[in-house]
Amino acid sequence: MAKITLKGNPIQTESNLPAVGAQAPDATLTGTDLSDKKLSSIPGKRVLNVFPSIDTGVCATSVRTFNKRATEKPNVTVINVSMDLPFALKRFCGAEGIEKALTFSGFRGDFGKQYGVTIKDGGLAGLYSRAVVVLDENGKILHTEQVPEIGQEPNYDAALAKL
């Protein structure tokens, strides 16, 4: 279990992120069009931007920032993942002009369990923690970050340096 905080209060995830160097779990996610998709079906290098809810300031900022910065790199796909319903994700991305990044919901898939990001306790129990996982073209994990405080942005530079 990862020990993280929410506004300074300790909470934990049900497990830990997969190890750097390991093959990424091939989780299933649901797109904004309600279709299910395996992570392995998305080609190229991938940045998984995982967060609790698109309707919070820090989560929205991470989606905007990765959309702008990571998608400037060739052969890189940003994959935003939360437990938000696909309708909320589609609404946000449409309003914000998020067109380069992909956005998925884990509401009916196995992503949270496979990646160890499901929050176990506290007010956000059942949602995902804030984390970043970078994958190479073959699905090997190059970088992980379990952000220690939910209200903190991820280390964009560390993640992007691995691309």
Side-chain angles (χ1 to χ4, degrees), residues 1-20 22-42 46-67 70 77-96 98 100-135 139 141-156 158-159:
M1 291 176 260
K3 294 182 180 184
I4 57 178
T5 58
L6 171 62
K7 296 181 181 177
N9 298 308
I11 58 175
Q12 52 194 342
T13 61
E14 292 183 359
S15 186
N16 292 305
L17 290 171
V20 171
Q23 188 67 26
D26 194 16
T28 300
L29 294 163
T30 303
T32 57
D33 64 355
L34 301 178
S35 67
D36 290 337
K37 191 166 198 113
K38 289 281 204 183
L39 281 176
S40 63
S41 70
I42 302 168
R46 288 152 283 173
V47 176
L48 308 180
N49 177 36
V50 184
F51 52 89
S53 177
I54 197 73
D55 288 319
T56 65
V58 176
C59 298
T61 297
S62 73
V63 170
R64 287 183 201 108
T65 301
F66 275 124
N67 180 63
T77 301
V78 174
I79 302 170
N80 297 301
V81 183
S82 76
M83 285 294 285
D84 289 305
L85 291 176
F87 313 110
L89 295 168
K90 185 174 183 176
R91 173 192 43 80
F92 176 85
C93 290
E96 293 287 329
I98 307 291
K100 298 176 185 175
L102 301 178
T103 306
F104 291 97
S105 173
F107 86 106
R108 66 176 176 219
D110 52 0
F111 181 87
K113 184 174 184 176
Q114 288 196 38
Y115 280 80
V117 294
T118 303
I119 297 172
K120 183 177 175 180
D121 51 14
L124 298 181
L127 298 179
Y128 293 159
S129 63
R130 186 174 317 288
V132 177
V133 179
V134 178
L135 310 176
I141 298 173
L142 302 175
H143 169 82
T144 63
E145 178 189 10
Q146 175 63 71
V147 180
E149 164 59 48
I150 293 286
Q152 175 185 330
E153 289 182 59
N155 185 337
Y156 303 108

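We're numbering straight along the sequence, starting at 1.
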Applying side-chain hydrogen bond (donor to acceptor under 3.5 Å, both in side chains), name anything that partners [X], two or more places apart in sequence or on another chain.
| X | answer |
| --- | --- |
| Glu145 | none |
| Thr56 | none |
| Asp36 | Thr30, Arg108 |
| Asn49 | Ser62, Asn80 |

>> List the residues meeting ring pair (Phe, Tyr, Trp, His ring centres under 6.0 Å) with Phe92, not counting sequence neighbours, and say none if there are none.
In response: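 So Phe92 forms no ring pair (Phe, Tyr, Trp, His ring centres under 6.0 Å) with any residue.
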> What pairs with Tyr128 under ring pair (Phe, Tyr, Trp, His ring centres under 6.0 Å), at least two apart in sequence or on another chain?
Replying inline: Phe111
> Between CD of Glu96 and CG of Asn67, what distance do you get to the nearest 0.5 Å?
Replying inline: 9.5 Å
With [X], which residues qualify under side-chain contact (heavy atoms from CB on, under 4.5 Å), at least two apart?
| X | result |
| --- | --- |
| Asp110 | Ala27, Thr28, Gln114 |
| Lys37 | Ser41, Ile42, Phe104 |
| Gln23 | none |

Hey, does the side chain of [X] reach the backbone of [Y] with a donor-acceptor pair shorter than 3.5 angstrom?
| X | Y | answer |
| --- | --- | --- |
| Asp121 | Gln12 | yes |
| Ser35 | Gly31 | no |
| Thr118 | Glu14 | no |
| Arg130 | Ile150 | yes |

Less than 4.5 Å apart, side chain to side chain, heavy atoms only: is that true for [X] and [Y]?
| X | Y | answer |
| --- | --- | --- |
| Arg64 | Thr61 | yes |
| Gln146 | Ile4 | yes |
| Cys59 | Ser82 | no |
| Thr77 | Val47 | no |
| Val81 | Val117 | no |

>> Applying side chain to side chain contact (heavy atoms under 4.5 Å, CB included) to Val58 and Phe51, what does each step give before you reach the verdict?
In response: CA-CA 9 Å; Val58 176; Phe51 52 89; over 6 Å; no
> Is Phe107 atom CZ crowded by more than 12 heavy atoms from other residues, nucleotides or ligands, each under 6.0 Å away?
Replying inline: yes
>> A quick test of your reading: do over 12 heavy atoms of other residues, nucleotides or ligands sit less than 6.0 Å from NZ of Lys113?
In response: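 It does not: Lys113 NZ has 12 such atoms or fewer within range.
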What heavy-atom pair brings [X] and [Y] nearest, and what distance separates the two atoms?
| X | Y | result |
| --- | --- | --- |
| Arg46 | Ile79 | CG-CD1, 3.8 Å |
| Val132 | Pro154 | CG2-CB, 3.5 Å |
| Ile141 | Pro18 | CD1-CB, 3.3 Å |
| Leu127 | Met83 | CD2-CB, 3.8 Å |
| Ile98 | Ala101 | CG2-CB, 4.1 Å |
| Ile54 | Ala88 | CG2-O, 4.2 Å |

> Given the rule in the side chain to side chain donor-acceptor pair (under 3.5 Å) test, do Ser105 and Asp84 qualify, once you have shown the distances and angles that lead to the verdict?
Replying inline: CA-CA 6 Å; Ser105 173; Asp84 289 305; over 6 Å; no
>> Taking salt bridge (Lys or Arg N to Asp or Glu O under 4.0 Å) as the definition, give me every residue that meets it alongside Glu149, ordered by chain and number, with sequence neighbours left out.
In response: none
>> If the condition is salt bridge (Lys or Arg N to Asp or Glu O under 4.0 Å), which residues does Asp55 pass it with, not counting sequence neighbours?
In response: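 With sequence neighbours excluded, Asp55 shows a salt bridge (Lys or Arg N to Asp or Glu O under 4.0 Å) to Arg91, given in chain and number order.
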> Which pairs, with at least one residue in residues 26-35 and sequence neighbours excluded, count as a salt bridge (Lys or Arg N to Asp or Glu O under 4.0 Å)?
Replying inline: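 Matches after skipping sequence neighbours: none remain.
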